[in-house]
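Working notes, beginning with the structure itself.
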Amino acid sequence: MKIVVGVTGSIAAYKAVDLVNQCRKLGHEVRVVMTKHAADFVQPLTFEAIAHAPVVCDMFAEGVEALAHISLAKWADVCIVAPADANVIAKMAHGLADDFLTTFILAFDGPVLVAPAMNTVMYHQQVTQDNLARLKSYGYEIVSPASGQLACGDIGEGKLADLETLLFHLEKSVTAQTLAGFRLVVTAGPTVAPIDPVRFVTNHSSGKMGFSIAHEAALRGAEVTLVAGRVQRPTPVGVSRVDVATTAEMLAAIEALMPEADGLIMAAAPADYMPAEYHEEKIKKAGDELVLAFRKNPDILKTLKPILSDKIVVGFAAESHQLLENAERKLKEKNLDFIVANNIAGKDTAFRSDYNAATIIYKDGHQEVIPRQLKTELADKILDEIQHIRCQKEER
Ligand code: PMT
């Protein structure tokens with residue numbers, strides 16, 4: 001991606017250095033354009049060193065080619081103004097072009113993201129809010145500031161959105177919004193089966209597969225709710241999250257969400273069994289053996305079949321042997337649109353790995369082998385298929 005980062009006169013200008021750095025690390029090309037006041041906060045040389053490209057502050061400075069704003073506009077895929085101070089927001093909202101940054105923005109017809117950062121009173125001024133609303137109405141994307149303690153000591157909204165949020169919106173701005181309007185529930189991670197106040201039984205699921213799907217779906221514009229089992233992972237930007245512990249809690253959460261959803265992807269590994277009896281007090285250590293009886297947990301997909309019949313439903317099958325036979329049976333029993341059969345006995349795939357290899361089995365019986373790849377890539381493949389089914393449903 002070719003990114004122009006516009007930096008303006010806010011104390012948060014130093015955070016743009018990190019943004020440029022991360023963009024470069026992710027393999028993007030970056031050009032930095034600074035306003036005169038931004039250069040009072042951070043030296044252009046800092047950005048030049050990080051971006052590996054000259055920084056433009058003044059369009060009439062020596063060495064800046066004539067019509068540089070036009071050639072930059074033709075070069076860029078996306079522009080992000082971060083931090084955007086109240087002054088540049090006001091100028092952009094009224095089509096002013098009195099410096100290189102605002103002139104470039106007027107000449108650029110690609111996506112422009114505006115990430116405000118300023119004192120909370122300045123941010124909440126009606127005039128600033130009106131200017132932001134005006135920019136939004138023109139198609140600019142506003143990346144809302146965060147709340148917290150500001151440089152001036154005040155507490156409130158006005159902090160530049162965090163790096164992850166800025167990167168998410170940059171990527172989203174160049175991603176086809178093929179799932180816009182699609183309301184998707186994704187499950188991830190393991191559930192736990194408590195034994196006593198100290199102990200529980202669980203499995204090796206890390207949540208990576210489900211979290212990757214949620215992230216990629218949000219990038220494509222879906223409204224995503226992640227039902228997460230016991231995992232310590234940050235919530236992907238743009239995704240709502242419901243945390244659960246047990247299989248019964250996961251079932252209840254999905255049941256509550258599905259009436260307002262269009263699809264469900266069950267990448268979680270819910271515990272199939274739970275101790276028959278929960279011990280209110282810690283089981284004391286005694287004897288060489290401890291025998292516990294287990295009883296079956298509800299099967300979520302089977303239990304919810306009646307309310308899932310008009311939704312797009314995708315399951316996973318985690319098997320160490322007879323993968324395809326077992327997956328085919330689950331596909332039918334659970335009435336799925338397709339099932340992603342992953343072999344959990346493979347080396348560095350499935351549980352805990354960043355990679356997965358799978359065979360997708362569709363309702364009509366045809367199969368597609370997906371070689372080992374990053375879970376983010378498999379997530380993309382799964383979402384392509386969902387998009388395909390969605391189109392077919394809409395045509396009917
Ligand atoms: O979390 P990671 O470390 O990234 O690993 C990813 C994964 C291996 C957990 C994931 O890719 C995966 O395979 N998830 C499904 C695990 C599983 O429970 O498989 P299963 O074959 O037992 O169940 C079949 C389907 O029924 C699954 O979609 C499962 O979510 C669902 N299920 C299972 C048990 C249950 N009580 N109710 C269910 O609905």
Side-chain angles (χ1 to χ4, degrees), residues 184-193 201-216 226-233 236 244-255 257-258 263-274 294-308 311-361 370 372-379 381-383 386:
L184 178 65
V185 176
V186 181
T187 67
T191 63
V192 298
V201 181
T202 189
N203 59 64
H204 291 298
S205 173
S206 63
K208 283 180 185 172
M209 190 67 243
F211 276 62
S212 296
I213 295 168
H215 170 72
E216 298 298 326
L226 186 58
V227 179
R230 189 69 72 81
V231 288
Q232 307 289 328
R233 309 192 76 78
V244 296
T246 64
T247 298
E249 283 174 24
M250 184 170 275
L251 185 144
I254 300 169
E255 190 170 21
L257 290 164
M258 285 322 289
L264 169 66
I265 303 180
M266 280 290 291
D272 285 318
Y273 289 89
M274 62 185 287
F294 282 78
R295 66 175 157 80
K296 235 184 188 168
N297 264 325
D299 186 293
I300 298 171
L301 284 168
K302 282 188 193 167
T303 309
L304 297 182
K305 245 193 218 175
I307 63 162
L308 295 175
K311 321 277 181 191
I312 299 176
V313 184
V314 177
F316 275 71
E319 301 288 347
S320 54
H321 60 283
Q322 292 180 309
L323 175 64
L324 298 184
E325 294 89 321
N326 283 316
E328 271 175 352
R329 181 178 45 77
K330 288 176 185 175
L331 171 81
K332 287 187 188 120
E333 281 177 1
K334 302 187 184 212
N335 192 28
L336 307 172
D337 286 277
F338 62 91
I339 192 159
V340 183
N342 44 206
N343 184 343
I344 55 170
K347 195 167 172 275
D348 196 12
T349 62
F351 283 109
R352 303 166 83 103
S353 172
D354 288 339
Y355 295 85
N356 209 348
T359 299
I360 298 184
I361 310 175
I370 312 291
R372 183 173 174 274
Q373 54 191 241
L374 283 168
K375 282 180 175 167
T376 48
E377 293 171 309
L378 177 58
K381 169 71 187 156
I382 292 167
L383 295 170
I386 288 201

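Starting from 1, each residue takes its place in the sequence as its number. Just so you know, these numbers use all the heavy atoms, side chains as well, and skip hydrogens, waters and symmetry mates. Order of appearance sets the numbers: ligands from 1, and atoms from 1 within every ligand. These numbers come from a predicted model, not from an experiment.
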Exercise. At under 4.0 Å between heavy atoms, which part of Arg352 makes contact with ligand 1: side chain, backbone, both or neither?
Worked result: backbone

For this session: Run the numbers for me: atoms of ligand 1, each under 4.0 Å from some heavy atom of Ala268, listed by number.
Result: 14 (N), 15 (C), 16 (C), 17 (C), 18 (O), 29 (C), 30 (O)

For this session: State whether the shortest distance between N or O atoms of Ala271 and N or O atoms of ligand 1 falls below 3.5 angstrom.
Result: no

Exercise. Nearest protein heavy-atom contact for atom 39 (O) of ligand 1: which residue, which atom, what distance?
Worked result: Leu301 N, 3.0 Å

For this session: Give the numbers and elements of all ligand 1 atoms closer than 4.0 Å to a heavy atom of Lys208.
Result: 1 (O), 2 (P), 4 (O)

Exercise. Gly210: heavy atom below 4.0 Å from ligand 1, yes or no?
Worked result: no

Exercise. Quick one: which of Ala248, Ser206, Ala267, Gly315 has a heavy atom closest to atom 2 (P) of ligand 1?
Worked result: Ser206

Problem set entry | Ligand-side contact atoms (ligand 1) for residue partner Ala317, heavy atom cut-off under 4.0 Å | 21 (O)

Exercise. Is it true that Lys302 lies under 4.0 Å from ligand 1, counting heavy atoms only?
Worked result: no

For this session: Take every heavy atom of Asn297, measure it against each atom of ligand 1, and state whether any distance is under 4.0 Å.
Result: no

Problem set entry | Close approach, Ile339 and ligand 1, non-hydrogen under 4.0 angstrom | no

Seminar exercise, completed: The closest protein heavy-atom partner of atom 37 (N) of ligand 1 is Ile300 N, 2.9 Å

For this session: Output the list of atoms in ligand 1 that are nearer than 4.0 Å to some heavy atom of Asp272, sorted by atom number.
Result: 34 (C), 35 (C), 36 (N)

Seminar exercise, completed: Ala379 and Met209 have their tightest heavy-atom pair at N-CE, 4.0 Å

Exercise. Counting heavy atoms only, which of Gly189, Pro298, Ser205 is nearest atom 36 (N) of ligand 1?
Worked result: Pro298

Problem set entry | CA sep, side-chain torsions, deciding dist, call: Ile360, Ile370, side-chain contact (heavy atoms from CB on, under 4.5 Å) | CA-CA 7 Å; Ile360 298 184; Ile370 312 291; 4.0 Å; yes

Exercise. For Ala214 and Pro236, which heavy atoms make the closest approach, and how far apart are they?
Worked result: CB-CG, 4.4 Å

Exercise. How far is atom 27 (C) of ligand 1 from its nearest protein heavy atom, and which residue and atom name does that atom have?
Worked result: Phe316 O, 3.0 Å

For this session: Could you tell me which atoms of ligand 1, counted from 1 in the order shown, lie closer than 4.0 angstrom to a heavy atom of Lys330?
Result: 20 (P), 21 (O), 22 (O), 24 (C)

For this session: Provide, to 0.1 Å, the distance between atom 19 (O) of ligand 1 and the closest protein heavy atom, together with that atom's residue and name.
Result: Ala318 N, 3.5 Å

Exercise. At what distance is the nearest protein heavy atom to atom 13 (O) of ligand 1, and which residue and atom is it?
Worked result: Asn342 ND2, 3.0 Å

For this session: For a side-chain hydrogen bond (donor to acceptor under 3.5 Å, both in side chains) with Asn356, tell me which candidate from Asp348, Thr376, Asn342 qualifies.
Result: Asn342

Exercise. Would you say Lys375 contacts ligand 1, with heavy atoms under 4.0 Å as the rule?
Worked result: yes

Exercise. Counting each atom of ligand 1 from 1 as listed, which ones have a heavy atom of Asn356 under 4.0 Å away?
Worked result: 11 (O)

Exercise. Side chain or backbone of Asp299 under 4.0 Å from ligand 1, or both, or neither, by non-hydrogen atoms?
Worked result: both

Exercise. Which atoms from ligand 1 have a heavy atom of Met209 less than 4.0 Å away?
Worked result: 4 (O), 6 (C), 11 (O)

Problem set entry | Among Arg329, Lys334, Met266, closest by any non-hydrogen atom to atom 26 (O) of ligand 1 | Lys334

